[in-house]
Amino acid sequence: MKYRKLGNTDMDVSVLSYGASPLGSVFREVRIEDCIETVRTVLDGGINLLDVSPAYGETLAEKNLGISLKGIARDRYYLATKVGSYRPSADDYDYSAARTRQSVHDSLERLGTDYLDIVHCHDIEYADHNVIVEETLPALQALKEEGKLRYIGITGLPLKIFPSILDRVDKGVVSAILSFCRYELNDTALADMLPYLKEKEVGVINASPVGMGLLTERGAPDWHPASDEIKEGCRKAVEYCMERGESIAKLAVQFACAHPDIPTTLVGSANPENMRNNIAWVDEPINEELLAGVMEVLKPIHNNYFTRGRPEHCE
Ligand code: NAD
C-alpha cells in the first residue's frame, strides 16, 4: 500500500481507503461477522482511512463500524464521519448548528471514540449554503477547538458545490473535500478541478471508484441515480471485460488510485474477499491495453454525469 499526504493536514492516507456505507446494509443485508472481518482485513491490508456517516443505513453503518473497531488501537486508523444528512429517503437533511453538535456527539458514542479525524458536511447539494457558512462550519470549528474533531470537510455530487463554499471561507476552515463518482472510468471531471482545490489548500478524497456498483458485474442497485443511458453504457464496459476474462472492478480501482494528485480513493464493500482483492489490485500494474479498450467502449457516455440536489446546486 502506498500513502499520500492529504492536502495541508498531517495525515498520510493510504491511496485506497475504506468507505463503510455497505456496513449499513445499503447494498445488501449484512451480518455483523462480515463487518468485523471486513474491517480487520482492511486494516491488516494497510488501509488507514475509514469513512462513514450517520446517514448510512440510518446509523447502522456507524454502529457496525464501532463494534468492528472495538479493541483496535485508535492510532491505527483515521476516522471520518459526517453531519447534515440523516435519512435521505425521508428528505431528512439538517445543517443547523444545534443538530450538528448533537450529531457529532452521537457519532462519537456510536463509533466508540473520543475524537474524529475528519467531520464532513454531508451532501451539501441538499443544503442552503448560507446555513453551511453561518451555522454548520462555525459549529464544527467550535467542536474542533474542543478537541472532538481535527479537520472539517465538505462532500457532494455536483462539483460546483465545492467552490460555492470554498470561495466564501478562509483557507484552513475546510481542510478536505469528498467527491464521488466524478473520477472513475466513465467520468473524470474531478481532475479538471484539482488545480483550483490545490490553490485552496484542500485535500481531495475521491470516492466510489466502481461508481456505486455501475462498474461491477452485479450492476447498480435500484436506488442508483444514474440514467438508463449511463447504466447501459457501463454494462457494455462490464461485458467487454467479462468477454476477455478480466475484472472491471479491478481496472476501476486501479484507475482511480493511479492519479498522483488524488491522495486517496474510498471503496466500499462488506465482503472481506472484495476488500482483499481491492487492496492487492492497487499494487499491481494496470493493464493498459484493457484500459484503452474500456475507455473506447465508455466514450459515448464519458463525463455524462448524473446530478441531484437543490436546483441552484445542480449542474
Ligand atoms: P463504490 O464505488 O465503492 O461501490 C460499492 C459497491 O461495489 C458495493 O456493492 C461493493 O460490494 C462493490 N464492490 C466493491 N469492491 C468490489 C470488488 N472488488 N468486486 C466487486 N464488487 C465490489 O461506492 P460506495 O461504496 O458508494 O463508495 C465508497 C465509499 O465512499 C462509501 O462507502 C462512502 O464511505 C463514501 N461515499 C461518500 C459519499 C458522500 O459523502 N456523499 C458518496 C459516495 C460514497
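Position 1 is the first residue of the sequence; numbering continues from there. Since the model is a prediction, treat every value here as computed from it, not as a measurement. Any value given below was found using the heavy atoms of this structure, including those in side chains, with hydrogens, waters and symmetry copies removed. As the structure lists them, so they are numbered: ligands from 1, and atoms in each ligand from 1.
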Quick one: look up the protein heavy atom nearest atom 29 (C) of ligand 1 and list residue, atom name and how far away it is.
Gly19 CA, 3.5 Å
Aromatic ring proximity Tyr183/Phe255, centre distance under 6.0 Å:
yes
If two hydrophobic side chains count as joined below 4.5 Å and joins carry through other members, does Leu65 share a cluster with Leu60?
no
Intermediate values then yes/no, ring pair (Phe, Tyr, Trp, His ring centres under 6.0 Å), His122 and Tyr56
CA-CA 11 Å; His122 194 177; Tyr56 300 152; 5.6 Å; yes
Measure His120 to ligand 1 on non-hydrogen atoms and call it side chain, backbone, both or neither using the 4.0 Å cut-off.
neither
Atom 3 (O) of ligand 1: which protein heavy atom is closest, and how many Å away?
Gly268 N, 2.9 Å
Could you walk me through whether Thr264 and Ser17 pass side chain to side chain donor-acceptor pair (under 3.5 Å), step by step?
CA-CA 6 Å; Thr264 189; Ser17 45; 2.8 Å; yes
Which residue and atom name correspond to the protein heavy atom nearest atom 30 (O) of ligand 1, and how close is it?
Ala207 CB, 3.3 Å
For ligand 1, note which part of Asn274 has a heavy atom under 4.0 Å away: side chain, backbone, both or neither.
both
Quick check: Thr216 and ligand 1, any N/O pair under 3.5 Å apart?
no
Residue, atom name and distance, where the atom is the protein heavy atom closest to atom 34 (O) of ligand 1
Asp51 OD2, 2.5 Å
Below 4.0 Å, non-hydrogen atoms only: which portion of Trp281 touches ligand 1? Side chain, backbone, both or neither.
side chain
Among protein heavy atoms, which lies nearest atom 37 (C) of ligand 1, and at what distance?
Tyr56 OH, 3.1 Å
For Tyr240, does the six-membered ring have the charged nitrogen or CZ of Arg235 within the cation-pi criterion, i.e. under 6.0 angstrom from the centroid and within 45° of the normal?
no
Looking only at heavy atoms, is any part of Asn278 under 4.0 Å from ligand 1, and if so is it the side chain, the backbone, or both, or is it neither?
side chain
Looking at atom 7 (O) of ligand 1, what's its closest protein heavy atom, distance included?
Val210 CG2, 3.3 Å
With a cut-off of under 6.0 Å to the ring centre and 45° to the axis, is Arg99 in cation-pi contact with Tyr95?
no
Regarding Tyr151 and Asn8, is there a side-chain donor-to-acceptor distance under 3.5 Å anywhere?
no
